[in-house]
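Reviewing the structure listed below.
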Amino acid sequence: MPLKTIGKFSLSYLQVLDDKGKLDENLEPKLSNTELNKLYRAMYLARQLDSRMLKLQRQGRLGTIPVCTGQEACVCGATFALRDSDWFVGSYRELGGRLMRGEPLINPMIYYNGYEEGSFNPVNDRTLPINIILGSQLPHAVGAAYGSRLKGEKENASLVFFGDGSTSEGDFHEAINFAAVWKLPVVFFCQNNQWAISTPRANQTHSESIAQKAISYGIDGIQIDGNDVLAVYKATKDALDRGRAGEGPTLIEAVTYRMGVHTTADDPTRYRKNAEVEEWSKKDPIKRFENYLIEKKAWSARKQKTMEDEIKAEIEQTVKDFENMTDFKPDSPFDYLFETETDDIKALRAEFLNEIGKDADNA
Amino acid sequence: MPLKTIGKFSLSYLQVLDDKGKLDENLEPKLSNTELNKLYRAMYLARQLDSRMLKLQRQGRLGTIPVCTGQEACVCGATFALRDSDWFVGSYRELGGRLMRGEPLINPMIYYNGYEEGSFNPVNDRTLPINIILGSQLPHAVGAAYGSRLKGEKENASLVFFGDGSTSEGDFHEAINFAAVWKLPVVFFCQNNQWAISTPRANQTHSESIAQKAISYGIDGIQIDGNDVLAVYKATKDALDRGRAGEGPTLIEAVTYRMGVHTTADDPTRYRKNAEVEEWSKKDPIKRFENYLIEKKAWSARKQKTMEDEIKAEIEQTVKDFENMTDFKPDSPFDYLFETETDDIKALRAEFLNEIGKDADNA
Amino acid sequence: MPKMNMIQAINLALHEEMEKDETVLVMGQDVGVNGGVFRATEGLSVKFGKERAIDTPLAESGIIGSAIGMAIAGLKPVAEIQFSGFSYLTLGQLEGNAARMRTRSRGQFTCPLVMRMPYGGGVRALEHHSESKETYWAHTAGLKVVIPSSPRNARALLTAAIRDPDPVIFMEPKHSYRAFKEEVPEKKETMEIGKAEIVREGSDLTLVSWGAMFHLTKKVVDQIQSERKVSIELIDLLTISPMDSATINASVRKTGRCVIVQEAQKTLGPASEIIARINDEVLMYLEAPVKRVSGYDVVMPYFGREKMYLPTMERIRRAIEETLEF
Amino acid sequence: MPKMNMIQAINLALHEEMEKDETVLVMGQDVGVNGGVFRATEGLSVKFGKERAIDTPLAESGIIGSAIGMAIAGLKPVAEIQFSGFSYLTLGQLEGNAARMRTRSRGQFTCPLVMRMPYGGGVRALEHHSESKETYWAHTAGLKVVIPSSPRNARALLTAAIRDPDPVIFMEPKHSYRAFKEEVPEKKETMEIGKAEIVREGSDLTLVSWGAMFHLTKKVVDQIQSERKVSIELIDLLTISPMDSATINASVRKTGRCVIVQEAQKTLGPASEIIARINDEVLMYLEAPVKRVSGYDVVMPYFGREKMYLPTMERIRRAIEETLEF
Ligand SMILES: Cc1ncc(C[n+]2csc(CCOP(=O)(O)OP(=O)(O)O)c2C)c(N)n1
Ligand SMILES: Cc1ncc(C[n+]2csc(CCOP(=O)(O)OP(=O)(O)O)c2C)c(N)n1
Ligand SMILES: [Mg+2]
Ligand SMILES: [Mg+2]
C-alpha cells in the first residue's frame, strides 16, 4: 500500500494517588515511612518558606519573587528521586527541590534580596544556581550528563526543570535533541503549571500535551499528575533508572498549577478566573499526600504539630539571621569575573573602590 | 486505570510512483499532459543548469555552489503545487523551484559569482532570496503567511524548504510552534537528503523519522518518497489546500538523497560510501518521471530531443550573457542599507568612492 | 496638553499608529490580554483585537523571525521583548536577516519592524533585567538604534520608528518608565531618528548622555550651574545609530571639553565611538581628554549591588569637575 | 622546527592538548569524521575517539549550551562554530550563562570553554561567511577574545585558551589559514592571553592591527620603510579583550601618531575602544588624530564586491601617510 502507516506512537498518563485519595497499590513506590516523612516535610517546608518570603516581599524586605505554592509535589517528588551526585539543574520555580539539595534556608532570602551569595550552595556542588533565561538551562543538563559520562561517572544523571512556557524556546528543542542523539541520562521535567505569566498553556503550543513532544526526539515521554507526589517520584525514578541503564533521556510532563502570582510583580486577576484557581486548590498536593500518610499510619496529628513548630522556628530564626546580614563585599563582582584578575579589572576595581569610598551615597 | 493511554498517533508514508515505476492510480494526481510536461521540463532544466554551473565553478568562473542533483522531484514537485501569490521561502538547495518561480537562469550564476543582483527575482515578488542561516527562514514563512491573512489575502499560503540538518535548529521548533498556534497555512517541506555535510541523518536526530516531529506541535505530518514527483506534488497540494481551508500547517518529510557534493568546497568521499550513492542513483527522480510520462504517452523521444536542444541553447545563451556582464555598481551596498541615506552613510559612500577611485587595485 | 509618564506615552504612540495604519501590530509575550508586563500595550488587544495585539509563544527568535516575515509581507510589526536581557536570542535573526533583507534582495523585500524593549538598571529587578547592551545593535549595520529619555520624545520617536521603512531597535529606559510625567502634545508628533538634541546650550563643556542617565546627568548639571558660573552644553543623544556626531562634534569644537555618561559597560560602549568620532573630526580642539562615566566591565551584579555599579551623581560631578579643571 | 600553516598549527595545538589532558574535547558540526570543513580538527576523531571529537547536530546554541554544561562538569570543551556568521545564535548562551557562571555561582561553577571559529573576509565565500564581529564578544564582560595572526601564535594562543579557566572566544582569520607557513616549535608553547606584541619597534608612528589585516598592514609598512626613512612601531593586538592598552598607549606616548587597521565595520569596532583608551591616557601626546582604516558600516556584500569593502594596502598606506604628514 503506497499510503501506508509507518509509525505508531502512544502516550501514557501516570497517577498513583488520585485527587480523591484513591491509591493504585500496584504503582505505589516502595518507600519507607522515614523516607515518606522526609519527603512530606520537604514539601511542607517549601510551602511555609514560600509564604514567609511572600510576606517579607510585601513588607519591602525582598525584591521580586516567584511563588511556587501548589507545585511542591513536582519539585520535591522529582528531587527525591535524585542522588546527591546527580545534576540538579533548575530554573527559578523549584524552591522545595533546592532546599532538598542542601541549600540553606537563608539562601533564597539572600538571592531575592539581590545578592549572588544566595546562589552558592555550600552543601551540594552539583546543583546549578537559579537560571532566568528560560530554556537556556536545558543544554547545561545535557552537557553535565555528558561530562559525567566521559569522566567515567557513568551513573550520574541530570534532572532539569522548566515550565510549560519554556518548551517554546529553541533551546528546549536543541537540548532534547542532543540528549537523545547522545543517549544521555537526562530527565527533562516540565512543570506544566498551565500558565506562562498570562499565557495559558493552550496558546503556548497546539499539541494536546507537552509529553508528546518526546516523540519528536524518539525518546520516552509521559504525562503525570504533577500534584501526586507518588506519581512524580515514581516517574522520575523510573526515568533516571532507564537513563543510568543507557536507555537515554525522558521527557516528563507534570500537570500542575501555579496557585499564586507569577511573581510578586504580577497581577493574575487581569488574565485568569478565580474559579480556575479554586478548582485546582482542591487538588492540593500537600493535603493529598498528608491524607495518604495518615491513612498509611505513617503520619499523625502529633507529628504534624511537632514538625510545624520546628519549621516555624527554623524559618523565624532564618529571617532573623537574614535581617542581621550586612556583610556584602561591594567589589565582589570583580572577584568573580575571571579566575585571575586581569590588569584591566585591577584598574577598574581600584577606580570603583576609590569611587565608592568617596561617594557618600554608597558608603 | 491510573497508568492509562491518553494519546495515540500514527504516521503515514506516501508514494504514488514507486522506484520500479509502479503507479498507484488511486493516488495519482489529476494533472493534464501539458502540466506534466511542464513539471518534467522544470526538473530537467534544473538538472542541466546545475551541471553546467558545476562546470563553470570547476573552471573558476563561479564561487562555491551547492549542488541540487537528485532532489529535483522535491523542489519542482512542491513548487508546482504553489500559486504565484503564495510565498516561496527557500534555503539554498531549491534551484529548480526558484526557476519555476520565474527567476531568470542567469540569476544563480550572478549569485554564485558573488553579486546580490542574483538575488532579485524580477518576475515574482513573493519568492524570498536564498537564505544561508539554516533554519532562520522558517519563521519568515510563518510571518509572511500571517501577514497575508491579516491583510485579507486569506488564500495565500507559504511553502518553506529546509534540510534534515536544519531540523535541529531552534528556529525550526519555534517556527512550527508559532504556525500551529496561529493555525497558519504553512507547508514545512523538509528535504531529507540524508546528509548535512558529513553528518548522516541518524546522527542528526534520534527519531525514526522527521515527519513524526509534527506530533510535537499537534499538526499533520507525513513522510513521502521525495524522488517520486507525483507524491511530492500530491502531498504538497493537499497540505496547501488544508492550510487554505484553515486547518493549519503541515510538516512534510521528503525522503531523497544528495547525489553530489554538499557544495563544491566539500569532499564527500571522506565520510560516505560510494555504494550508498550508487544505490540511490537507481531511484533517480527524473528518470522515474520520464518513464511514467512515456508509459502514459505524455512524452516521447522526439519531445525529449526538442527539449534537450532548447534547454541546451537557453543555458548556453545564458552563460554567454553571464560572461558578458560587467556592470556591477561598486557602491550599491550603500544604496540598499536603508531606504533613505543617512548622513553617516552619505559620508562613508563618498569616502568609499574616493578610495576606489584612487585605488588601482579596485578600479 | 495632558501630562503622562513614559509608559503612557509609549502606549499612546502605539494606539495612534495602530489607529492610523492597519498594517501596524504589536506582538510579544504577554502583550495582549495582560497589556505587557509594564503595561505598555495596555488596551490594544481590546481595541484592535487579538490578531493585532498578539500574545506569542515564549520564544524570542521566533518572535523576531516571524516579525521579519510579517514585515516582508507588508505589515509593520512592533515586537516587544520582555526585557532586553532576552533580546540576545534574536541577534541571529536580526543580524542575519532583518538588517540584510534590503541589501540581500536589492530592495525587493524590506523589514520595517520595531523591536521594543525595556533596558537598563535601577528598578531592583532580577538577574538579566538590568543590562545596557545597545552596542550589540549599534554595531550591526542595517539596524537603527533609538533610546528615548522622556515621555514626549518616547512618543515622538516611537512613532517615527514605527513609520521608519527599516528595522529599528527601540530601547526603553525602564527606570524612566514611571519616574516622572511630562506634557505630551495632543497632536501627533514625530521626531527625526538620527538627531541628537541640544537640551541646553553652553560653552565650557559638552555633556552627552541618553536614556535614564540623561536625567541623572541633567540633575548634576543643574546642581553645578547653581553653584558656580560654568556653562555646560547638554546633549541628549536619542539615537545611538546612526550616531549624530555632527551635533556632538560641533559642540566639542566650541567647548573643547566633553564628558559622556552611559550605563553600558565601559569597553566598547557607545562612548567609545563618540570619542573615536571626536578624534576623527575635532581632536585638535580638545583641551582635555574626553571623560567617560560608565558601567564597569563586569557582569552586572544582582540588584543588591547594582546601584554602586551604575553611574552616580557623584561620579558624574567629579568627571565634570576634573574635565573642567584639566 | 617544522614549517606549517595556521590550520596545521591549530590542529597541532588541539592534538597536543587533547593528548595532555583528557578532559579536553572538540565538538561541533562536521568536526569528527570529516575533520572540520577547514580540516582544523583532522585526525582527532581517529586518535581520541568520537566521544572526544564530537559531531554534533546542527544547532549552535545547543553546541555552546551543552559545552557550558560540560565545562561545569569539569571538561574543557573546544567548540567549533563552522563560520563566525553563525555564532550570533550563541550570544544568548554566552552572555546569559558562560560569561556569568562564575559570578552567578560565586566561583562554584566555571566555564573553561573555547569557542573557535573562522572569521573575516577574503576567501570568496558565500553570504554570512565573511564578517568580523569581535565587538559582540569583546563587549561582553566575562569573555576573553583572542585573534591570532600566524601559525605560531595561533598554536600558542589556542593552547593558552584551552588552558584558560574562563571562556575564551577564539577567532581565526580564515584568510590566513593557508596563506603562509611559519616555523612552529616542536616543544609545546603558550602565549599569555591579554598581551599585544610589538612586532617591530619604531618611533614615528604606531600601527595597530590584528588577524588577517595584520599581514596586509605589515606589507605596507615594509614597503613604506623600504621607500623612505620612517620608523613605524608595528603592534599585533592578538587579544581583543582584555585589551592591552598599556602596550598601545606606551607606544603612542612615544610616537604621537597612530593608525589602526581593522576588518570590522567602523562604528564600534575595536578601533573605537583603542582610540577611547588613547584618549584616556595619552591624549596630550597625540600629534595627529588617530586614523582608523576599517570596513564600512554597511552589510558586508557578497564576495563579488567584498574586496573593495575590506581595507586595502592603498588605504592603509594613505592613512599612514596622512597621519605622518598631519
Ligand atoms: C528567554 C526568556 N524570555 C522571557 C523571559 C521572561 N519571563 C520570565 S518568566 C516567564 C514565563 C515562564 O513561563 P513557564 O516557562 O511556564 O514557567 P513558570 O513561570 O510558569 O514556572 C517569562 C516570559 C525570561 N525570563 N527568559
Ligand atoms: C545556522 C547555520 N549553521 C551552520 C551552517 C553551515 N552549513 C551550511 S550547510 C550545512 C549543512 C546543512 O544540512 P541540511 O540542513 O541537511 O541541508 P542540505 O545541505 O543537506 O541541503 C551546514 C552545517 C549554516 N549555513 N547555518
Ligand atoms: Mg508555566
Ligand atoms: Mg541534508
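Letters A, B, ... are given to chains in the order of the sequence lines, protein chains preceding strands, and every chain is numbered from 1.
D:T255 and D:E233 share no side-chain donor-acceptor pair at under 3.5 Å. No side-chain donor from either of D:R292 and C:N279 sits under 3.5 Å from a side-chain acceptor of the other.
With chain D as partner, the option from C:L89, C:V290, C:D297 having the largest number of non-hydrogen pairs under 4.5 angstrom is C:V290. When each of D:H128, D:R277, D:K266 is scored by its heavy-atom pairs under 4.5 Å with chain C, the top score falls to D:H128. Counting heavy-atom pairs closer than 4.5 Å to chain D, the top residue among C:E131, C:R102, C:M243 is C:E131. Interface check for chain D: of the options C:G85, C:G269, C:G142, C:S241, the most heavy-atom pairs under 4.5 Å are formed by C:G269. Note on C:G92, C:S87, C:P242, C:S272: by heavy-atom pairs under 4.5 Å with chain D, the leading option is C:S272. Most heavy-atom pairs under 4.5 Å with chain D, from the set C:I274, C:L94, C:T90, C:T103: that is C:T103.
Looking at D:Q93, neither its backbone nor its side chain comes within 4.5 Å of chain C, counting heavy atoms on both sides. For D:M300, the part lying under 4.5 angstrom from a heavy atom of chain C is the backbone only. With a threshold of 4.5 angstrom between heavy atoms, C:Y302 approaches chain D through side-chain atoms but not through N, CA, C or O. Residue D:A138 touches chain C through both its backbone and its side chain, counting heavy-atom pairs closer than 4.5 Å. For chain D, the nearby parts of C:T140 are the backbone and the side chain; heavy atoms of each come within less than 4.5 Å. In this structure, the portion of C:L283 lying under 4.5 Å from any heavy atom of chain D is its side chain and not its backbone. Contacts between D:E287 and chain C at a heavy-atom distance below 4.5 Å involve the backbone alone (N, CA, C, O). Only the backbone of C:P270 has a heavy atom closer than 4.5 Å to any heavy atom of chain D.
Counting heavy atoms from C-beta outward, D:E322 and D:I320 have side chains that stay 4.5 Å or more apart.
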- Task: Could you give me the CA-CA distance, side-chain angles and deciding distance for C:H129 and C:F86, then say whether ring pair (Phe, Tyr, Trp, His ring centres under 6.0 Å) is met?
- Result: CA-CA 9 Å; C:H129 289 66; C:F86 315 136; 5.4 Å; yes
- Message: With ring pair (Phe, Tyr, Trp, His ring centres under 6.0 Å) as the criterion, how do C:Y136 and D:H139 come out once you've worked through the C-alpha distance, each side chain's angles and the decisive distance to 0.1 Å?
- Response: CA-CA 8 Å; C:Y136 291 156; D:H139 186 62; 5.8 Å; yes
- Message: Please evaluate residues D:S130 and D:E306 with respect to the criterion side chain to side chain contact (heavy atoms under 4.5 Å, CB included), reporting the C-alpha separation (whole Å), side-chain torsions for both, the decisive distance (0.1 Å), and the verdict.
- Response: CA-CA 9 Å; D:S130 308; D:E306 181 190 43; 2.9 Å; yes
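With respect to the salt-bridge test (charged N to carboxylate O, under 4.0 angstrom), the residues C:E127 and D:R100 qualify. The pair D:R253-D:E281 does not meet the salt-bridge criterion, since no charged nitrogen lies less than 4.0 angstrom from a carboxylate oxygen. No salt bridge links C:E263 with C:K174; every basic N to acidic carboxylate O contact stays at or beyond 4.0 Å.
Heavy-atom neighbours of C:K133 NZ from other residues, nucleotides or ligands within 6.0 Å: above the threshold of 12.
Of all heavy-atom pairs between D:I235 and D:S251, the closest is CD1-CB, 3.9 Å. Summarising the geometry of D:P167 relative to D:A98, their closest heavy-atom pair is CG-O, 3.7 Å, with the distance given to 0.1 Å.
Within the model, atoms OG1 of D:T323 and CZ of D:R318 stand 12.5 Å from one another, a figure rounded to the nearest 0.5 Å.
At a heavy-atom separation below 4.5 angstrom, chain D is approached by no residue within residues 56-66 of chain C.
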